[in-house]
Participant: 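Pasting in a structure now, in structure tokens, and then I'll have a few things to ask.
Sequence lines set the chain letters: A, B, ... in the order given, protein chains first and strands last, and positions in each chain run from 1. When reading the values below, keep in mind they use all heavy atoms of this one structure, side chains included, and skip hydrogens, waters and symmetry mates. These numbers were taken from a predicted model, which means no experiment stands behind them.
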2 protein chains.
Amino acid sequence: MAIASLLASPIQQIPIPLPLETFVPKQARLTLKVLAAELGLSTCTVSRVLNGKGQQHRIAEETENRVLEHARKRGFTPNLVARGLRMNKTNAIGLVLPDLSNPFFAKVARGVADVAHKNKYTLEVCDTQDSIDLEVEALNLLRDRQVDGLVLCPVGNESEHLHYLASGSRPVVLVDRYFADLKLPYVSSANIEAAEAATLHLLEHGHRDIICLQGIHDAITNVHRLEGFRRALKTYKISCTKKMITGDGFNSESGYRATCEILEQNRPFTALLSLNSPIALGAMKALSEAGIKIPDDVSLITFDTIEGVEFFASPLTTVDQSSRKLGEQAVTMLFDRINHRGGNADEHILLPTTLTPRKSVKQLLN
Amino acid sequence: MAIASLLASPIQQIPIPLPLETFVPKQARLTLKVLAAELGLSTCTVSRVLNGKGQQHRIAEETENRVLEHARKRGFTPNLVARGLRMNKTNAIGLVLPDLSNPFFAKVARGVADVAHKNKYTLEVCDTQDSIDLEVEALNLLRDRQVDGLVLCPVGNESEHLHYLASGSRPVVLVDRYFADLKLPYVSSANIEAAEAATLHLLEHGHRDIICLQGIHDAITNVHRLEGFRRALKTYKISCTKKMITGDGFNSESGYRATCEILEQNRPFTALLSLNSPIALGAMKALSEAGIKIPDDVSLITFDTIEGVEFFASPLTTVDQSSRKLGEQAVTMLFDRINHRGGNADEHILLPTTLTPRKSVKQLLN
DNA sequence: TTGAAAGCGTTACCAG
DNA sequence: CTGGTAACGCTTTCAA
């Protein structure tokens, strides 16, 4: 019917619906190709100019200016994924660490991020939540994403799953924790000396019954800190018994539990050495619940500082690592390798630590 | 000479050095193509099987198993950069925030990281170091890297450089700080109510001379917290004068300076409301230097908690945000958009906060 | 049930 | 001084 009436009036025009893409022209993404077309040049010329290789290829200054100007006007930006594929280089590095919400690691991350940025690199971060499975997963993911290198702070005490990294094609640098049998460069703190100094500090203040609250048993940082602990004791001719070491994790729960236990068991002690700050916080909780005062009843030194420790009822004496610097150093070493500025698997850097005496260590008279 | 002697003994064989790559065959990367060749199949078949589209394309079960088995044996892993280019989807999201080493943001980051991981996404993190220039740079970088979406915690009080994000093709969700005139979804805390509750807490304890230590003036979180402050005062029929608000940054320096100033000027006050924890720490430093005790001489409430506040000489009463949840919520909203599960620019979520009374607020008798 | 071939946006080799 | 063309490793039509 409608058609009939239309046919009856041949003058009337029937609008022919255009295919949708004609209405909404599929807004071609602004690529090198369209840029080149608009300029009447080839993509490679445009590419060269935009990458500052104009001189190198003796491109006419006028052409160069035209390209630059037009690219600016059109707001062209290169697709870094395409570039990454082509160049087999993504300009991204991976950072794998156990817990971003732990201030120590957060500061390491900040250090890594800053240096990465200075080197025009992007940072792909994976939080492994203290799980070795997630760590493996993260490592695989970042490999598949073709990152140019990796800063890794491994969790746990197994290095089995890491050995292949040593022979991999992309450089890896460990930070904080590492493994002696692993052929990878690392940067960490001088933990032996740090623990030794801390323990000596206690000993010099007359403490003889010291208990060390440790973290993960086989973690190298833990092993080293224990060694420093023993060394100091030895200097004072004290033999280090099993009873003087307790705890099983770098978290506050472990610190809390361990402290509760030694309290229940009535083990004699006048001082605690805590191997990181969450442990110390846990210990303090246990002590305060038991009505035990720091430093009057028990002295305490801990690794790693805590924001605002100076305002604690008993400001803690701490052994501070340069957390930020650890990150900076690690990623600097990584870039050395990425850019083939040397660096081998035996490059091991240990940053110095600082003992900051506050008010948590009592001078015993004896 | 050497040549002459060589010519003299024609029997002697002169080893012709092979080009290096003949010695070390350029170990072809294990790609779909070589995998397919090894199997005597086409790349697309292999691709389909490996992407679990075997059923969909009715690929013979036997073929499928052969592919799977062989891929496993050869340890094939896909190049995600290539896939990203092809699919125009990188499975990466960007996270832009002012300072990773600030525990609040670190926890937000942790929240984002966890949810991103659950969704099989990688996180590209940029620390803007509280600089608007770095923020712009980060935004551009992540755009060029073709991230599928962005969680942004903007710095500063200008939103000029962010408006274009609203009309961009990739979704963006703001977290913590946002701008009223910016058409972007956000998740933040119920700051007005939080500040109101905190101020009321002080008022109920008899405080009438309260000074608010603020952060960045025009930051929305700051504006809202001030509004809550004023609301509470109004309830008590107190007019809020300029003298009751001071400070100019969300950092400890600002808190320290501001507190020193009001002390020097002898402005009367019995309580401080600090708008974040670094500010509070700065204020405490100033107070302690002046020999002023909390809560005896001055009461203090601060936004955001501090690790171990409970062990402070005067454990601080705090207004706590669910920092981790902020991150989780933001990135959840982001994924809704990335996956086209709806979500519009007007989706604004404000998470509730908690007031935790400790010992830093004195009950005044009057 | 499988394959050929195009194409994502770059860069780089080799010509001219 | 500039351009054609072939990759990079993958996915996806379309065809068989």
Side-chain angles (χ1 to χ4, degrees), chain A residues 26-68 71 74-92 143-148 169, chain B residues 21 26-67 71 74-92 143-148 169:
Chain A
K26 201 178 167 240
Q27 177 78 34
R29 285 198 11 63
L30 186 54
T31 71
L32 267 191
K33 198 148 86 175
V34 332
L35 212 61
E38 290 171 354
L39 282 159
L41 290 170
S42 76
T43 57
C44 71
T45 300
V46 179
S47 167
R48 292 202 262 249
V49 171
L50 261 25
N51 288 322
K53 300 194 178 169
Q55 305 295 345
Q56 200 182 123
H57 287 265
R58 299 182 303 174
I59 286 175
E61 195 162 335
E62 195 209 314
T63 312
E64 189 154 335
N65 290 335
R66 262 179 67 220
V67 171
L68 254 20
R74 298 281 273 117
F76 170 79
T77 58
N79 181 327
L80 298 184
V81 174
R83 179 182 290 170
L85 175 61
R86 177 60 234 240
M87 315 241 301
N88 190 25
K89 177 162 183 340
T90 52
N91 260 46
R143 170 190 13 78
D144 296 349
R145 290 188 58 85
Q146 319 284 106
V147 293
D148 295 336
S169 55
Chain B
E21 56 264 35
K26 202 181 166 237
Q27 175 78 31
R29 285 197 14 62
L30 185 55
T31 70
L32 268 191
K33 198 149 84 175
V34 331
L35 211 62
E38 290 170 354
L39 282 159
L41 289 169
S42 75
T43 57
C44 71
T45 301
V46 179
S47 166
R48 292 201 261 249
V49 171
L50 262 24
N51 288 321
K53 300 194 179 170
Q55 305 295 344
Q56 199 182 124
H57 288 264
R58 299 181 304 173
I59 286 175
E61 195 162 335
E62 194 210 315
T63 311
E64 189 154 335
N65 290 334
R66 262 180 66 220
V67 171
R74 299 280 274 116
F76 171 79
T77 58
N79 180 326
L80 298 182
V81 174
R83 179 183 287 171
L85 177 61
R86 175 63 232 242
M87 315 238 304
N88 190 26
K89 179 162 182 336
T90 52
N91 261 46
R143 171 187 16 74
D144 296 350
R145 290 188 57 85
Q146 317 286 116
V147 294
D148 294 338
S169 54

Participant: On DNA chain C, nearest-nucleotide positions of B:Leu85 versus B:Glu64: which is more 5'?
Facilitator: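 That would be B:Glu64.
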
Participant: If I take atom CD in residue A:Gln146 and atom P in nucleotide D:dG9, what distance separates them, rounded to the nearest angstrom?
Facilitator: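 So the CD-P distance, A:Gln146 to D:dG9, works out to 9 Å.
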
Participant: Of the listed nucleotides (C:dT1, C:dG9, C:dC8), which one gets closest to any side-chain atom of B:Arg58?
Facilitator: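 Selected nucleotide (nearest to the side chain): C:dT1.
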
Participant: Please determine whether a side-chain nitrogen or oxygen atom of A:Asn79 lies at a distance below 4.0 Å from atom OP1 or OP2 of C:dC8.
Facilitator: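 For A:Asn79, the contact criterion (side-chain N or O under 4.0 Å from OP1 or OP2 of C:dC8) is not met.
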
Participant: Return the nearest nucleotide to the side chain of B:Ala60; candidates are D:dC1, D:dG9, C:dT2.
Facilitator: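 For the B:Ala60 side chain, the nearest candidate turns out to be C:dT2.
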
Participant: Can you pull out the residues from residues 38-48 of chain B that lie within a 4.0 Å heavy-atom distance of DNA chain C?
Facilitator: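 Residues of residues 38-48 of chain B under 4.0 Å from DNA chain C: B:Gly40, B:Leu41, B:Ser42, B:Cys44, B:Thr45, B:Arg48.
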
Participant: Which whole-number value in Å describes the distance from A:Lys89 NZ to C:dA12 C1'?
Facilitator: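 Whole-Å distance recorded here is 17 Å.
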
Participant: Nearest heavy-atom pair of A:Thr90 and A:Gln146: which atoms, and what distance?
Facilitator: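 Heavy atoms of A:Thr90 and A:Gln146 come nearest at OG1-O, 2.9 Å.
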
Participant: To check you understand the geometry: which heavy-atom pair defines the closest contact between A:Leu32 and A:Phe76, and what is its length?
Facilitator: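 What the structure gives for the nearest pair is N-CE1, 3.6 Å.
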
Participant: With rounding to the nearest 0.5 Å, note down the distance linking OG1 in B:Thr63 to CG in B:Leu39.
Facilitator: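 These two atoms lie 9.5 Å from each other.
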
Participant: For a quick check of understanding: with a heavy-atom distance under 4.0 Å over all strands, which category does B:Asn88 fall into, base, sugar-phosphate or nothing?
Facilitator: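 Since no nucleic acid heavy atom lies under 4.0 Å of B:Asn88, the category is nothing.
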
Participant: Atom NZ of B:Lys33 and atom C1' of C:dA4: how far apart are they, to the nearest Å?
Facilitator: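 Rounded to the whole Å, the gap is 13 Å.
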
Participant: Run the numbers on B:Val34 and B:Thr31 for side chain to side chain contact (heavy atoms under 4.5 Å, CB included), then give the verdict.
Facilitator: CA-CA 5 Å; B:Val34 331; B:Thr31 70; 3.5 Å; yes

Participant: For side chain to side chain contact (heavy atoms under 4.5 Å, CB included), just list the numbers for B:Ile59 and B:Val67, CA-CA rounded to whole Å, side-chain angles, deciding distance to a tenth of an Å, and then say yes or no.
Facilitator: CA-CA 11 Å; B:Ile59 286 175; B:Val67 171; over 6 Å; no

Participant: Would you compute the distance between atom CG of A:Asn79 and atom CZ of A:Arg29 and round it to the nearest 0.5 angstrom?
Facilitator: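 Taking CG in A:Asn79 and CZ in A:Arg29, the distance rounds to 5.5 Å.
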
Participant: Measure the distance from CG on A:Leu32 to C1' on C:dC8 and round it to the nearest whole Å.
Facilitator: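 Going from CG in A:Leu32 over to C1' in C:dC8 covers 13 Å.
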
Participant: Over how many whole Å does the gap from A:Met87 atom CE to C:dG9 atom P extend?
Facilitator: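 Interatomic distance, CE of A:Met87 to P of C:dG9: 18 Å.
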
Participant: Taking CG from A:Asp144 and C1' from D:dC10, how many angstroms apart are they, rounded to a whole number?
Facilitator: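 It works out to 13 Å between those atoms.
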
Participant: If you take atom types as modelled and just measure distance, does the side chain of A:Arg86 reach the base of D:dA7 with a donor-acceptor pair under 3.5 Å?
Facilitator: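 Such a pair exists between side chain and base.
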
Participant: Calculate the interatomic distance between A:Glu62 atom CD and D:dC1 atom C1'; express it in whole Å.
Facilitator: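 My rounded result for the distance is 12 Å.
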
Participant: Choosing from C:dT11, D:dC10, C:dT1, which nucleotide comes nearest the side chain of B:Thr31?
Facilitator: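 Per side-chain heavy atoms of B:Thr31, the pick is D:dC10.
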
Participant: Assuming nearest nucleotide by heavy-atom distance, tell me which of B:His57 and B:Ala82 is located more 5' along DNA chain D.
Facilitator: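 Upstream on the strand: B:Ala82.
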
Participant: Name the nucleic acid region contacted by B:Lys53, choosing base, sugar-phosphate or nothing; use a 4.0 angstrom heavy-atom cut-off, strictly under.
Facilitator: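 Here B:Lys53 touches the backbone only, sparing every base.
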
Participant: D:dT11 C1' sits how many Å from B:Gln56 CD, rounded?
Facilitator: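 Checked: the CD to C1' distance equals 12 Å.
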
Participant: Side chain to side chain contact (heavy atoms under 4.5 Å, CB included) between A:Asn65 and A:Glu62: does it pass, once the steps are laid out?
Facilitator: CA-CA 5 Å; A:Asn65 290 335; A:Glu62 195 209 314; 5.8 Å; no

Participant: With respect to the side chain of A:Pro78, which nucleotide from D:dC10, C:dT10, C:dA12 is positioned closest?
Facilitator: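 Of the options given, the side chain of A:Pro78 lies nearest C:dT10.
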
Participant: Quick check: closest heavy atoms across A:Ala71 and A:Leu50, and the distance to 0.1 Å?
Facilitator: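 Closest approach of A:Ala71 to A:Leu50: CB-CD1, 4.1 Å.
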
Participant: Can a side chain N or O of A:Arg29 be found less than 4.0 Å away from OP1 or OP2 on C:dG9?
Facilitator: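 It does, given that an N or O in the side chain of A:Arg29 lies less than 4.0 Å from OP1 or OP2 of C:dG9.
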
